[in-house]
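Below you'll find the structure, written out as structure tokens, and then a few comments.
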Amino acid sequence: MTATELEAPELVLVDVPSRRRRHPLVGFVLRRVAAGIATLFVVSILLFAGTNVLPGDVASAVLGRDSTPAGLAQIRKELDLNRPASERYWSWLSGFVQGDLGSSVASQAVSGEPTPISGLIGDRIRNTATLALCTVLLLVPLSIFFGVLSATRAGSPVDHAVTGISLGLISLPEFVTGTLLVLLLAQWLGLLPAVSLIAIGASVFTHPSILVLPVLTLLAASLAQTTRMVRAGMLEVLRSDYVEWARLSGHRERDVVFRYALRNALAPTVQVIALNVQWLVGGIVVTEYVFGYPGIGQALVQAVSARDVPYVLSVGMLIAIVYIALNVLADLLVVLLVPKLRTAQ
Amino acid sequence: MTALAVRLRFARTGYGKVGLAGSLLLLALIAVGPLLAPYDPSAIAGLPLQHASRQFPLGTDGLGRDVLSRVLWGGRSIVGLSVLATSLAYAAGASIGLLAGYTKSILDPLLMRAMDVLLAVPPLLFLLVLATGAGRSIPVLVLGVATVHVPSIARIVRASTQEVATHGYVEAAVARGERLPALLGREILPNVLGTVLADAGIRLTASILILASVNFLGLGLQPPAADWALMISENRGGIALNSLAVAAPALLIAFLTISVNLVADAVARSLGTSTDRKRVAR
């Protein structure tokens with residue numbers, strides 16, 4: 001800490017001699033957030049280009065076999081396909097930034113009227129957030145529990161069981177874990193509902209049991225990963241000099257583990273967990289589809305199947321925002337938790 | 001230690017042995033399976049959704065096709081396409097990394113910033129966007145999965161290229177007047193390869209995971225292809241009548257990914273790069 005205090009004023013003098021003293025962290029946070037926004041901007045170009053690779057085809061792809069010249073013209077007009085791509089990109093982006101997510105083409109082909117996307121995804125965002133939150137709330141304590149359990153008993157049968165099972169679970173795709181869970185718990189044992197059938201607009205909390213299988217599925221792979229990382233971090237700390245010193249000076253093993261080792265192992269673990277939450281993004285899309293869970297991921301898959309370009313763009317952009325925000329957050333957390341990094345920018 | 005001993009050392013660990021045995025068993029099944037299939041995998045052989053019987057050991061699917069025959073055929077696409085995608089990723093990633101790392105020109109920042117942008121998109125979202133824009137086909141699927149790996153491979157190759165390029169033998173080659181392709185291919189690439197290939201198994205596992213997931217979502221391979229992931233997706237509706245049509249491909253994918261990952265993990269450990277802190281994103 002003294003090193004930080006000594007170095008900080010010097011840094012400030014070099015950087016901004018005339019301005020008021022600023023905490024070195026503020027600059028770091030601002031720069032990292034700005035970089036995140038810049039990345040997001042480039043990603044938005046990428047997403048737009050990706051969905052508009054074959055611009056002439058989109059209209060006929062949306063309508064499929066039902067396409068009529070009049071219908072095609074209507075969709076083309078709706079998507080502004082007659083305007084150049086750069087113009088369409090700007091009008092889409094400026095709309096998106098102002099909260100106008102555009103309207104779904106596929107639902108228009110069915111109902112005949114453009115449906116605003118923001119009205120379609122409100123409930124879905126809430127459902128997905130619920131699913132993600134439940135998973136993370138279980139993920140954090142459980143990974144620390146299993147990680148510490150297995151690191152403090154390294155080489156024991158318990159450790160072998162934890163590492164073996166996590167090595168197996170880590171390599172399973174979510175849809176296989178989900179399918180096997182459905183077979184086991186819903187089909188063969190009849191304990192839980194196999195799919196998440198709830199009325200449109202109803203809250204998932206009216207049927208909490210539909211959350212069980214999706215959360216278990218998401219936990220399987222992510223818990224295996226975080227447990228391995230907590231174990232690795234914990235083993236490193238347990239081998240360090242100060243832990244040895246604490247043991248030699250007669251502290252009880254439990255105190256050594258929880259008061260000395262765990263606190264220091266936790267800093268890298270927090271970053272690992274933040275990154276894992278980021279990795280959950282892909283898992284959620286697949287898991288929601290497996291269980292028919294009415295979330296944003298299921299909506300994305302349906303929109304891709306229907307080649308509903310505006311819908312894919314808006315949902316994709318929302319997912320990219322969450323993904324990049326989690327990445328920035330993970331970086332910031334590490335800098336906050338590891339004092340050494342605050343000055344070494 | 002000889003090169004062969006290094007290569008086989010991973011097989012000494014328990015998990016490595018189990019994984020190797022499992023992988024070889026599955027490869028054998030995938031290679032020989034189609035010869036043993038009692039029916040044409042896409043032919044309608046009987047009534048739909050029958051239970052297991054002597055005629056149909058795993059029952060029939062929703063269209064009345066023999067599940068066993070489809071299972072025996074269905075491993076080719078998942079393994080073949082994943083290996084293809086991973087190889088393409090290495091070819092592209094290594095080329096970009098070599099160019100960016102060696103030619104200290106404007107090419108380096110340009111290529112690496114492009115890689116950064118790709119890394120900022122969740123891999124599955126990238127593949128879904130690609131399926132929206134370019135349609136669902138095998139080339140799009142394979143190129144998409146390959147692209148997901150390219151940035152991280154390029155980064156590693158670039159870093160080791162920069163290190164290798166400072167060595168005397170590279171300077172000697174430059175002095176001899178070797179041209180760029182020869183220089184990169186003969187002097188630098190062989191010395192970079194070891195570092196990069198250490199992760200090959202982990203990348204293959206990730207390729208299988210993501211490729212199978214896209215197929216399961218119905219956005220990759222299209223019916224009537226016999227593919228394990230697609231089979232799970234197709235037969236979910238009939239799970240109450242013939243659960244084996246879902247269980248068999250699900251267990252085989254599980255067996256495949258676990259075996260390949262056990263080998264990958266053992267190889268990485270024997271080379272001293274633990275996979276504890278690594279994960280190829282999904």
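Letters go in sequence order (proteins before strands), and every chain restarts at 1. All values below were derived from every heavy atom in this structure, side-chain atoms included, with hydrogens, water molecules and symmetry-related copies excluded.
Taking each heavy atom of A/Val290 and B/Arg236 in turn, the nearest pair found is O-NH1, 2.7 Å. Shown here for A/Ser171 and B/Thr205, the closest heavy-atom pair between the two residues is CB-CG2, 4.3 Å. Considering every non-hydrogen atom in both B/Pro123 and A/Tyr323, the closest pair reads CD-OH, 3.9 Å. The minimum heavy-atom distance between A/Gly282 and B/Leu124, with the atom names listed, is O-CD2, 3.4 Å. Closest non-hydrogen pair, A/Trp188 versus B/Ser243, comes out as NE1-OG, 3.5 Å. The two residues A/Val43 and B/Ala120 have their closest heavy-atom pair at CG2-CB, 4.1 Å.
The contact between B/Arg136 and chain A is made entirely by side chain atoms (from C-beta outward), counting heavy-atom distances below 4.5 Å. Contact of B/Ile232 with chain A is made through the side chain alone, with heavy-atom distances under 4.5 Å. Using a 4.5 Å cut-off between heavy atoms, A/Val304 touches chain B through backbone and side chain atoms alike. Heavy-atom distances place both the backbone and the side chain of A/Leu47 under 4.5 Å from chain B. Proximity to chain B involves both the backbone and the side chain of A/Ser305, based on heavy atoms less than 4.5 angstrom apart.
For the pair A/Thr39/B/Asp116, no side-chain contact is recorded, criterion being any heavy-atom separation below 4.5 Å from C-beta on. Side-chain contact between A/Leu300 and B/Leu125 is present, with at least one heavy-atom pair separated by less than 4.5 Å. Looking at B/Thr132 and A/Val309, their side chains come closer than 4.5 Å, going by heavy atoms from C-beta outward.
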Next item on the list: Begin from the C-alpha positions of A/Ile170 and B/Asn261 and carry the test side-chain contact (heavy atoms from CB on, under 4.5 Å) through to its verdict.
Entry: CA-CA 9 Å; A/Ile170 221 170; B/Asn261 196 40; 3.2 Å; yes
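Ranked by heavy-atom pairs under 4.5 Å with chain B, the first of A/Leu313, A/Val315, A/Leu183 is A/Leu183. Of all the listed residues (B/Val121, B/Leu118, B/Thr257), the one sharing the greatest number of non-hydrogen pairs under 4.5 Å with chain A is B/Thr257.
Put simply, CD1 on B/Ile239 and OG1 on A/Thr179 are 7.0 Å apart, with the number rounded to the nearest 0.5 Å. Once rounded to the nearest 0.5 Å, the distance linking CZ of A/Arg307 with CG of B/Leu219 reads 11.0 Å. The line from CG of A/Leu46 to CZ of B/Phe126 is 6.5 Å long, rounded to the nearest 0.5 Å. Note that OG1 of A/Thr51 and CG of B/Leu130 are 10.5 Å apart. Values are rounded to the nearest 0.5 Å.
Checked against A/Val176 for a side chain to side chain contact (heavy atoms under 4.5 Å, CB included), the options B/Ile253, B/Leu252, B/Leu209, B/Leu251 give a single hit: B/Ile253.
Taking the six-membered ring where the residue is Trp, B/Phe216 and A/Tyr289 present perpendicular rings, their angle passing 60° and hence far from 30°.
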